[in-house]
Amino acid sequence: MNDAGARGKCAACKYQRKWCQENYPLAPFFPSNKFEDFKNINRLYKVRTIIEMLNSVADNEKKAKTVETLILEAKNRSENPVYGSIAIQNKLRLQIEETMKEIDLVTKTTAYFKELRKKRILPQAKFSLISI
């Protein structure tokens, strides 16, 4: 008997208001405490599509990763219904671009001060906390 049968209905069966079968394919991935996760995923993909996605993956470990990905995508979509995870990707891309610009600025500034030190325009500090 599966875990869901021992403790009651799985989240998928609870959502669909039906008896949880012993070999129901969603039961191992959606125990009764993951009801909200299943509800969000069901809004996006529906039960048949979720089962088809899980059946297309052979390895149980990959099935678990697939379910984790579906949960994350559904959570992102519920928080941002228009853009979903693309909004997060765009936000991270902007942060990366800003950080790269900042790194470029620091690199150029460091090169500038090294050049000044070579030309002896900038005095040599006796006690320097940062070595340039």
Side-chain angles (χ1 to χ4, degrees):
M1 185 167 226
N2 68 16
D3 213 19
R7 287 187 267 150
K9 293 181 180 182
C10 68
C13 292
K14 189 185 289 187
Y15 182 81
Q16 298 174 61
R17 296 181 181 165
K18 66 177 197 170
W19 289 100
C20 193
Q21 299 170 358
E22 188 173 324
N23 58 353
Y24 192 61
L26 298 179
F29 306 106
F30 296 102
S32 59
N33 63 345
K34 289 195 173 189
F35 182 77
E36 285 298 317
D37 290 340
F38 180 77
K39 192 168 109 178
N40 286 338
I41 290 175
N42 189 55
R43 273 191 219 132
L44 273 180
Y45 299 108
K46 304 300 177 206
V47 175
R48 182 181 299 157
T49 309
I50 298 168
I51 292 173
E52 286 174 5
M53 281 191 248
L54 289 177
N55 287 337
S56 69
V57 179
D59 187 22
N60 280 339
E61 188 176 311
K62 288 183 180 179
K63 285 183 182 184
K65 288 287 185 185
T66 302
V67 170
E68 286 178 33
T69 304
L70 292 173
I71 289 172
L72 183 62
E73 176 67 29
K75 180 180 177 232
N76 291 337
R77 185 60 70 169
S78 69
E79 290 173 0
N80 191 337
V82 176
Y83 295 107
S85 56
I86 292 177
I88 294 172
Q89 291 174 0
N90 289 338
K91 180 181 174 186
L92 291 174
R93 187 175 294 118
L94 286 173
Q95 286 178 350
I96 289 170
E97 288 174 6
E98 289 173 3
T99 304
M100 295 302 287
K101 287 178 185 176
E102 190 174 332
I103 289 172
D104 187 45
L105 178 66
V106 168
T107 304
K108 287 179 181 178
T109 304
T110 304
Y112 173 75
F113 282 111
K114 280 183 180 180
E115 193 63 35
L116 287 179
R117 183 175 284 170
K118 281 182 187 175
K119 293 179 180 179
R120 303 242 182 232
I121 297 173
L122 189 67
Q124 196 81 8
K126 289 184 180 181
F127 300 102
S128 175
L129 295 176
I130 301 174
S131 177
I132 298 178

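Everything numeric in this text was worked out from a predicted model, so none of it was measured.
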*Provide the full list of ring pair (Phe, Tyr, Trp, His ring centres under 6.0 Å) pairs with a residue in residues 52-74, sequence neighbours left out, each pair given once.*
none
_Interatomic spacing from CE in Met100 to OG1 in Thr107 - rounded to 0.5 Å_ = 9.0 Å
_By the side chain to side chain donor-acceptor pair (under 3.5 Å) test, which pairs, at least two apart or in different chains, include something from residues 87-100?_
Asn90-Arg93
*Could you check if a side-chain atom of Leu26 sits within less than 4.5 angstrom of a side-chain atom of Ile51, using non-hydrogen atoms only?*
yes
*Backbone N or O of Val82 within a donor-acceptor pair of the Arg77 side chain at under 3.5 Å?*
yes
*Of all heavy-atom pairs between Ile50 and Ile41, which one has the smallest distance, and what is that distance?*
CD1-CG2, 3.2 Å
*Which pairs pass side chain to side chain donor-acceptor pair (under 3.5 Å) with one or both residues in residues 51-76, sequence neighbours excluded?*
Glu73-Ser85
*Between Pro28 and Pro31, which heavy-atom pair has the shortest distance, and what is it?*
O-CD, 4.4 Å
*Do Val47 and Tyr15 have side chains that get closer than 4.5 Å, going by heavy atoms?*
no
*Honestly curious: do Leu72 and Phe30 fall in one hydrophobic cluster under the side-chain, below-4.5 Å linking rule?*
no
_Close side-chain approach of Tyr112 to Thr109, heavy-atom, < 4.5 Å_ = no
*Taking a hydrophobic cluster as the set of Ile, Leu, Val, Met, Phe, Trp and Tyr residues connected by side-chain heavy atoms closer than 4.5 Å, whether directly or through intermediates, do Val57 and Phe29 fall within one such cluster?*
no
*Of all the heavy-atom pairs spanning Trp19 and Cys13, show the shortest one and how long it is.*
O-SG, 3.8 Å
*Nearest 0.5 Å please: distance from the OG1 atom of Thr49 over to the CG atom of Leu54.*
11.0 Å
